[in-house]
> 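Pasting a structure below so you can have a look.
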Amino acid sequence: MPLVGLVHSTRLVIDAIQTVVATQCPDAEIVHVLDEGILRELTAAGKISPEILDWLTAMVLSTEKAGASLAVVSCSSLSPGVNDVRKKVHIPVLKIDEPMMAYAVKNYKRIGLLMTNPTTEKPSRLLFEEVCQKLGRNVTLIPRLCPDAFKKLDRGDIQGHDTEVVNTVKKLLIETDGVLLAQISILRVRERMEESVKNRVFSSLDFIAPKINQILNHS
C-alpha cells in the first residue's frame with residue numbers, strides 16, 4: 001500500500017486533510033509531519049530564507065525516509081519553496097493549492113482569491129502566475145485579504161472571523177466567476193453560504209485527492 005506524506009505548518013488543517021485523503025485515496029496510507037515553528041519563523045522573516053528552505057526540505061525528506069511515494073505541502077505560504085525542495089528529494093512534492101488553481105485557470109476568466117493570513121498573499125499570487133504561464137492562459141486574478149478576520153480568529157472570535165470571511169466571499173462573487181479559498185483553515189465558512197453560490201467557491205481539498213490518486217496510479 002503506497003504511503004502519502006502530508007507536511008504541515010499548523011495543526012489546524014490536519015483533521016480536514018486527513019478526512020479527505022483517507023476517504024478519497026482508500027488505497028493509500030498517510031503519515032503526517034507537523035512543525036508549527038516554521039510558520040512562526042516565516043512570519044517573522046517575511047520571506048522564505050535559506051534556513052526556512054532547509055527546514056522545509058528536512059520535513060519533506062522525513063516523509064521520504066518513512067517510505068512515502070509522494071508528499072503534499074499543505075501550507076500555502078510555503079509553496080514558493082516547493083520548487084527548490086523538489087530538486088533535493090526523490091519523490092513528487094505537491095503544492096496544496098496547485099490543482100485547485102489549475103482548474104480555475106482552465107475554466108474561468110476572472111478569479112477571486114480570498115485569504116486571511118497576510119503571509120499567504122504573495123505566495124498564492126506567485127503560484128497563480130506560475131499556473132497561468134504553464135497553461136498558457138491569460139486570466140484576471142482579484143486577490144482579497146481579510147487581516148481583521150485573521151486577528152479575530154487569533155483572539156478566539158470564531159463567529160466574527162467566519163462572518164467577515166463569508167461577507168467578503170459574497171462581495172468577490174459579484175466581481176468574479178468563482179472564488180478560491182487560499183487557506184484550508186477557512187474552508188468551513190462555505191457551509192454558511194447559500195447553495196446557489198457554493199458551487200462557485202473552491203478549496204484545495206476539492207482537488208488534492210484526485211491529483212494524489214493520479215500520481216500514485218502512474219508511479
Side-chain angles (χ1 to χ4, degrees), residues 8-10 12-13 15-17 19-20 39 42-43 46-47 73-80 95-211:
H8 314 292
S9 65
T10 173
L12 298 176
V13 303
D15 288 346
I17 299 178
T19 298
V20 167
L39 187 57
L42 177 60
T43 302
K47 62 179 181 179
V73 175
S74 70
C75 179
S76 303
S77 299
L78 290 168
S79 64
K95 303 175 184 181
I96 189 73
D97 292 331
E98 193 164 12
M100 172 183 70
M101 289 196 177
Y103 172 84
V105 168
K106 288 176 183 176
N107 290 280
Y108 297 118
K109 289 289 189 181
R110 291 175 61 83
I111 301 169
L113 179 69
L114 186 138
M115 63 218 92
T116 61
N117 189 339
T119 67
T120 304
E121 184 169 16
K122 185 177 179 180
S124 293
R125 291 176 69 136
L126 288 173
L127 178 57
F128 185 84
E129 292 168 5
E130 184 180 304
V131 170
C132 285
Q133 185 174 14
K134 185 177 180 180
L135 296 176
R137 296 270 294 170
N138 184 18
V139 178
T140 300
L141 181 69
I142 302 177
R144 197 65 47 82
L145 178 65
C146 298
D148 289 339
F150 188 72
K151 293 175 184 176
K152 288 174 183 175
L153 188 64
D154 195 44
R155 295 196 302 266
D157 182 8
I158 296 175
Q159 180 72 22
H161 165 274
D162 291 359
T163 297
E164 183 173 339
V165 172
V166 168
N167 290 339
T168 304
V169 169
K170 289 179 178 179
K171 291 175 184 177
L172 261 180
L173 285 170
I174 297 172
E175 305 174 47
T176 63
D177 303 317
V179 173
L180 310 182
L181 303 177
Q183 297 151 241
I184 296 170
S185 58
I186 56 179
L187 169 59
R188 68 176 183 276
V189 304
R190 190 164 59 182
E191 298 309 311
R192 292 185 49 183
M193 298 176 190
E194 295 86 352
E195 292 295 330
S196 59
V197 300
K198 276 186 184 179
N199 64 350
R200 292 172 54 210
V201 181
F202 303 100
S203 163
S204 58
L205 294 189
D206 298 328
F207 303 93
I208 195 62
K211 186 64 177 180

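Below, all heavy atoms of this structure are taken into account, side chains as well, without hydrogens, waters or symmetry copies. Computed from a prediction, not measured in an experiment: that's the story for all the values here.
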> Might you point out which heavy atoms bring R200 and D177 nearest each other, and give the distance in Å?
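R200 and D177 have their closest heavy atoms at NE-O, 3.0 Å.
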> As an exercise, state the distance from OG of S74 to CG of L12, rounded to the nearest 0.5 Å.
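One finds 10.5 Å between OG of S74 and CG of L12.
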> Could you report the tightest heavy-atom contact between R125 and P143, atom names first, then the distance?
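Shortest heavy-atom contact: NH1-CG, 3.3 Å.
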> Using the six-membered ring wherever Trp is involved, compare the ring planes of Y108 and F202 and label them parallel, tilted or perpendicular (cut-offs 30° and 60°).
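Because their plane-to-plane angle lies in the 30° to 60° range, the rings of Y108 and F202 count as tilted.
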> For I158, is the CD1 atom crowded, meaning more than 12 foreign heavy atoms sit under 6.0 Å from it?
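No.
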> Using distance only, find each side-chain donor-acceptor pair of residues 109-116 under 3.5 Å and give its atom names and separation, not counting sequence neighbours.
| from | atom 1 | to | atom 2 | distance (Å) |
| --- | --- | --- | --- | --- |
| R110 | NE | E175 | O | 3.0 |
| R110 | NH2 | E175 | O | 3.4 |
| T116 | OG1 | Q183 | NE2 | 3.1 |

> Can you check side-chain contact (heavy atoms from CB on, under 4.5 Å) on R190 and D206, steps first, answer last?
CA-CA 12 Å; R190 190 164 59 182; D206 298 328; 2.8 Å; yes
> What's the spacing between M101 CE and K134 NZ if we round to 0.5 Å?
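One gets 13.5 Å once the value is rounded to the nearest 0.5 Å.
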> Within the distance-only criterion (no hydrogens, no angle test), does the side chain of S203 pair as donor or acceptor with the backbone N or O of L187 below 3.5 angstrom?
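Not a single qualifying donor-acceptor pair exists.
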> Might you confirm whether atom CG of N138 has over 12 heavy atoms from other residues, nucleotides or ligands at distances under 6.0 Å?
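Check fails, neighbour count at 12 or below.
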> So D97 and F128, do their side chains get closer than 4.5 Å, heavy atoms only?
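Result no, sub-4.5 Å side-chain heavy-atom pair not found.
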> If you round to the nearest 0.5 Å, how far is NZ of K151 from CZ of R155?
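R155 CZ to K151 NZ: 8.5 Å, rounded to 0.5 Å.
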> Heavy atoms only: give me the nearest T120-P123 pair and the separation to one decimal.
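Heavy atoms of T120 and P123 come nearest at O-CD, 3.3 Å.
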> As an exercise, state the distance from CZ of R144 to OG1 of T168, rounded to the nearest 0.5 Å.
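Between R144 CZ and T168 OG1, I get 7.5 Å after rounding to 0.5 Å.
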> side-chain contact (heavy atoms from CB on, under 4.5 Å) for L78 and S9? Distances and angles first, verdict last.
CA-CA 9 Å; L78 290 168; S9 65; 4.3 Å; yes
> Which atom pair, heavy atoms only, marks the closest approach of E98 to L127?
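Scanning both residues completely, I find the closest heavy atoms to be N-CD2, 4.0 Å.
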> Provide the closest heavy-atom pair for A104 versus L180 in the form atom of the first, atom of the second, distance.
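That would be CB-CD2, 3.8 Å.
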> Going by heavy atoms in the side chains, are L39 and L42 under 4.5 Å from each other?
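With C-beta onward as the side chain, the pair touches.
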> First locate atom OG1 of T43, then atom CG of N117, and finally report the distance between them rounded to the nearest 0.5 Å.
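With rounding to 0.5 Å, OG1 (T43) is 6.0 Å from CG (N117).
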> Salt-bridged, E195 to K198, with N to O below 4.0 Å?
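Salt bridge: yes.
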> Which atoms form the tightest heavy-atom contact between C146 and E164, and what is the distance?
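Shortest heavy-atom contact: CB-OE2, 3.8 Å.
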> Hey, what do you get for OG1 (T163) to CD (Q159), rounding to the nearest 0.5 Å?
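So the OG1 of T163 and the CD of Q159 are separated by 4.5 Å.
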> Out of the candidates S76, S79, C75, only one should pair with I96 under the side chain to side chain contact (heavy atoms under 4.5 Å, CB included) rule; please name it.
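It is S76; the other options fail the test.
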> Taking everything shown except K152 itself, do over 12 heavy atoms lie less than 6.0 Å from its NZ?
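Result for NZ/K152: enclosed.
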> Got V189 and V201 here, is their nearest side-chain heavy-atom distance under 4.5 Å?
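Of all side-chain heavy-atom pairs linking V201 with V189, none is under 4.5 Å.
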> Would V131 and V139 count as a side-chain contact (heavy atoms from CB on, under 4.5 Å) here? Give the steps.
CA-CA 10 Å; V131 170; V139 178; over 6 Å; no
> Does a side-chain heavy-atom distance below 4.5 Å link K47 with K122?
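Contact flag for K47/K122 side chains = no.
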